[in-house]
Amino acid sequence: MSTNPNEPKIGLVLLAAGGSRRLGTPKQLLTWRGKSLLRRSAEAALASRCAPVIVVLGADAEMLAGELRGLELRAIINPDWEEGIGSSIRAGVSVLKDAEPEPDAALLALCDQALIEHRHLNDLAAAFSASRPLVAASRYGDAVGAPAVFHCSLFDDLARLAGDQGAKKIILRHLQSAVFIDLPEGNLDIDTAEDYARLLNSMPGPNP
């Protein structure tokens, strides 16, 4: 968390509500270097300068809540998680909008981007702080996306997302007012058993 009063306040929404249909088991509980993907991503969020940290749960919420035990964050349950990621973004951003004071921006992160560490989250926050663009997003290869910071003027747009619409459409809409931070490892998110195998083989050393 930042202690500089001149820096913008950036809340963080960690999206972890999906049902892992393609994997067949909760991907939030997959283990990477001794910790579940959910615990690891939550700890990275808390190690960043962003606050507050909101974790959006949905499928298997009661089971997953145990992975967050002892962490100083707010976990909420999205009852509409089956609708798609748009509903989870809405749920998380609505909590930030009710915060006092309302954050200047929201950083959206995905719990299945296992290789992302707090340093990259801080790089995004710093990029936003430097010029206060509408969007500060990650870039991997030819793609752009999460994690990404959105100016508070876009909160209503985020709150209107529906179904499987993620925030990428908002990034693309504001390319001329966006800054990007390279994140080569951002293109590894865990949707299938093959993705998990790639994660386990991505770095040398012991894996669980």
Side-chain angles (χ1 to χ4, degrees), residues 1-17 41-42 44-56 73-76 78 80 83-113 116-183 186-187 189:
M1 179 188 304
S2 172
T3 57
N4 185 342
N6 296 318
E7 287 187 339
K9 181 180 180 182
I10 302 175
L12 190 150
V13 175
L14 179 61
L15 302 167
S41 58
L46 288 170
S48 77
R49 53 147 293 193
C50 301
V53 172
I54 310 299
V55 179
V56 183
L73 49 73
R74 179 175 176 186
I76 65 170
N78 170 22
D80 302 316
E83 177 188 320
I85 194 171
S87 66
S88 292
I89 294 173
R90 289 200 315 265
V93 170
S94 68
V95 173
L96 289 185
K97 289 178 67 175
D98 289 339
E100 292 292 342
E102 180 179 320
D104 299 295
L107 193 160
L108 301 185
L110 308 173
C111 88
D112 63 352
Q113 287 181 308
I116 293 174
E117 299 182 354
H118 75 278
R119 288 184 291 274
H120 180 71
L121 304 179
N122 282 343
D123 287 345
L124 287 169
F128 178 83
S129 300
S131 59
R132 307 233 182 170
L134 287 178
V135 175
S138 302
R139 177 170 52 204
Y140 19 93
D142 295 327
V144 296
V149 180
F150 297 85
H151 191 279
C152 60
S153 63
L154 298 177
F155 282 6
D156 287 343
D157 289 346
L158 292 170
R160 283 192 288 268
L161 292 173
D164 284 326
Q165 289 183 326
K168 184 174 181 177
K169 61 179 290 187
I170 297 176
I171 298 174
L172 297 177
R173 188 184 305 154
H174 297 289
L175 285 178
Q176 301 305 313
S177 304
V179 297
F180 296 96
I181 301 294
D182 287 328
L183 179 69
N187 62 359
D189 55 0

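None of the values given here were measured: they were computed from a predicted structure. Quick note: numbers below take in every heavy atom, side chains included, and nothing from hydrogens, waters or symmetry partners. Positions are given from 1, in the same order as the sequence printed here.
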Any Leu108 side-chain heavy atom under 4.5 Å of Leu158 side chain: yes
For the student: nearest non-hydrogen atoms of Ser177 and Pro133, plus distance: O-CB, 3.4 Å
Heavy-atom closest pair, residues Val56 and Ala91: CG1-CB, 4.5 Å
Flag side-chain contact, heavy atom, 4.5 Å: Ile171 against Phe180: yes
Note, Arg173 side chain near Ile170 side chain (heavy atom, < 4.5 Å): yes
Check against side chain to side chain contact (heavy atoms under 4.5 Å, CB included), Val179 and Ile181: CA-CA 7 Å; Val179 297; Ile181 301 294; 5.9 Å; no
Check ion pair Asp104-Lys9 (N to O, under 4.0 angstrom): no
Spatial distance of atom CG (Leu12) from atom CG (Leu15) [nearest 0.5 Å]: 9.0 Å
Reported CG-to-CD1 distance for the pair Leu110 and Ile85, which is rounded to 0.5 angstrom: 5.5 Å
Heavy atoms from other residues, nucleotides or ligands near CZ of Arg74 exceed 12 (cutoff 6.0 Å): no
Stepwise side chain to side chain contact (heavy atoms under 4.5 Å, CB included) test for Arg49 and Ser129: CA-CA 11 Å; Arg49 53 147 293 193; Ser129 300; 2.8 Å; yes
Side-chain touch Val144/Leu172, heavy atoms, less than 4.5 angstrom: yes
Donor-acceptor pair, side chain of Ser88 and main chain of Ala17, under 3.5 angstrom: no
Validation row: Asn122, Ser48 side chains within 4.5 angstrom (heavy atoms): yes
Heavy-atom closest contact (Ala137 atom, Gly145 atom, distance): CB-O, 3.8 Å
Approximate separation, where rounding is to 0.5 Å, of His120 NE2 and Ser138 OG: 3.0 Å
Any Val13 side-chain heavy atom under 4.5 Å of Ile89 side chain: no
Leu124 versus Ala136, closest heavy-atom pair with distance: CD2-O, 3.6 Å
Reported CG-to-CG distance for the pair Leu134 and Leu175, which is rounded to 0.5 angstrom: 11.0 Å
From NE2 (His174) to NE2 (His151), nearest 0.5 Å: 11.5 Å
Closest approach of Arg90 to Ala162 (non-hydrogen atoms, all atoms of both residues): NH1-CA, 3.7 Å
For the student: nearest non-hydrogen atoms of Pro147 and Ile116, plus distance: CD-CD1, 3.3 Å
Rounded distance [0.5 Å steps], CG in Leu73 versus CG in Leu46: 5.0 Å
